Amino acid sequence: MESQSSPYMVFPGPGEMAEHLASHLREIAKQGVGYVALSGGKTPQPLYRRLAAMEKQLPWERFHLFLVDERYVPTGHPDSNFRMIYESLIQGISIPSENVHPIPIEDQLSSCAIKYEELLRTVILQKQGELPVFDLILLGVGTDGHTASLFPGDRILFEREKLVAPVMNPMVDHHRITLTLPVINAARSVFIIARGREKAGIIQDAISGSRPDLPVSRVSPRGGKSLFLLDEGSSPGTRPNREAGSGER
Ligand code: 6PG
């Protein structure tokens, strides 16, 4: 099967990227309620802070916020994704606490995944037998091509039943809990964000379609769209001084 290249946009900074994201969120809000899953990691932090600064421009009360993945650590831990998302975004916006859905950290790793899956099925409206559909899933990407907590070579990449899975990968510091590909690929839109020159190689591989084996390359929403949101450093074919936001292809 011939691989296809993926669309991307290049932004001069997190402010412009946040503007793009905010306008997408405003479109989602027009439908009434929006279900959004947010990524952890370092890359989205400035983006979340910018979104929080635009607080008044977004009807946050219409959104339900979930996490893409979580590290198996207590919520106050420095590596907790929820802690980062709370501090950079949630504490700065007016959103009812019942619309915020962190991944629960239970005694057993497997229970965290089971409980979160139950929560997804309860909160996100779905037709009988169908997958819950997120309006937007925001993903990051690692230099090895992982996305969410879906790592190269992990059998969870082939998961078909579970919406949420526990991850025990010896290559990473903490056990994780992650949304699986079936739920990611059921989303209406998926934005994959990257920043910095160290990501340029893997982004090139993913965008060109030359590495269909990479976890990030397996993100392909069936009925929706996916888009890479990049800075100049991580962009394939980086050209200095490109005009703001003009990299859409
Ligand atoms: C996490 C993630 C993960 C992350 C990438 C990129 O919990 O770490 O959700 O998929 O997005 O590892 O991380 P950085 O943004 O820190 O480079």
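Small disclaimer: the values here were computed from a predicted structure and weren't measured. Counting convention: from 1, in listed order, for ligands and their atoms alike.
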Could I get the full list of side-chain contact (heavy atoms from CB on, under 4.5 Å) partners for Val33, not counting sequence neighbours? Tyr35, His64

To which protein heavy atom is atom 6 (C) of ligand 1 closest, and what is the distance rounded to 0.1 Å? Val141 O, 3.4 Å

Compare Lys42, Arg71, His146 and give the one whose heavy atom is closest to atom 12 (O) of ligand 1. His146

Please write down residue, atom name and distance for the protein heavy atom closest to atom 3 (C) of ligand 1. Ala148 O, 3.5 Å

Which protein heavy atom lies closest to atom 15 (O) of ligand 1, and at what distance to 0.1 Å? Thr43 OG1, 2.5 Å

Any N or O of Thr147 that comes nearer than 3.5 Å to an N or O of ligand 1? no

How are the rings of His20 and Phe191 set to each other: parallel, tilted or perpendicular (split at 30° and 60°)? tilted

Side chains of Glu19 and Phe11: does their closest heavy-atom pair fall under 4.5 Å? no

Would you say the side chains of Ser94 and Glu55 form a donor-acceptor pair under 3.5 Å? yes

Heavy-atom nearest neighbour in the protein, as seen from atom 9 (O) of ligand 1, with distance rounded to 0.1 Å: Asp69 OD1, 2.7 Å

Which segment of Arg176 sits under 4.0 Å of ligand 1 when only heavy atoms are counted: side chain

Please tell me if the side chains of Pro236 and Tyr8 come closer than 4.5 Å, counting only heavy atoms from C-beta onward. yes

Does the distance from a Lys or Arg side-chain N to an Asp or Glu carboxylate O, for Arg121 and Glu118, drop under 4.0 Å? no

Starting from atom 13 (O) of ligand 1, find the nearest protein heavy-atom neighbour and note its residue, name and distance. Gly41 CA, 4.0 Å

Donor-acceptor pair, distance only, cut-off 3.5 Å: does the side chain of Asp69 make one with the backbone of Ser149? yes

Nearest non-hydrogen protein atom, atom 17 (O) of ligand 1: Lys199 NZ, 2.8 Å

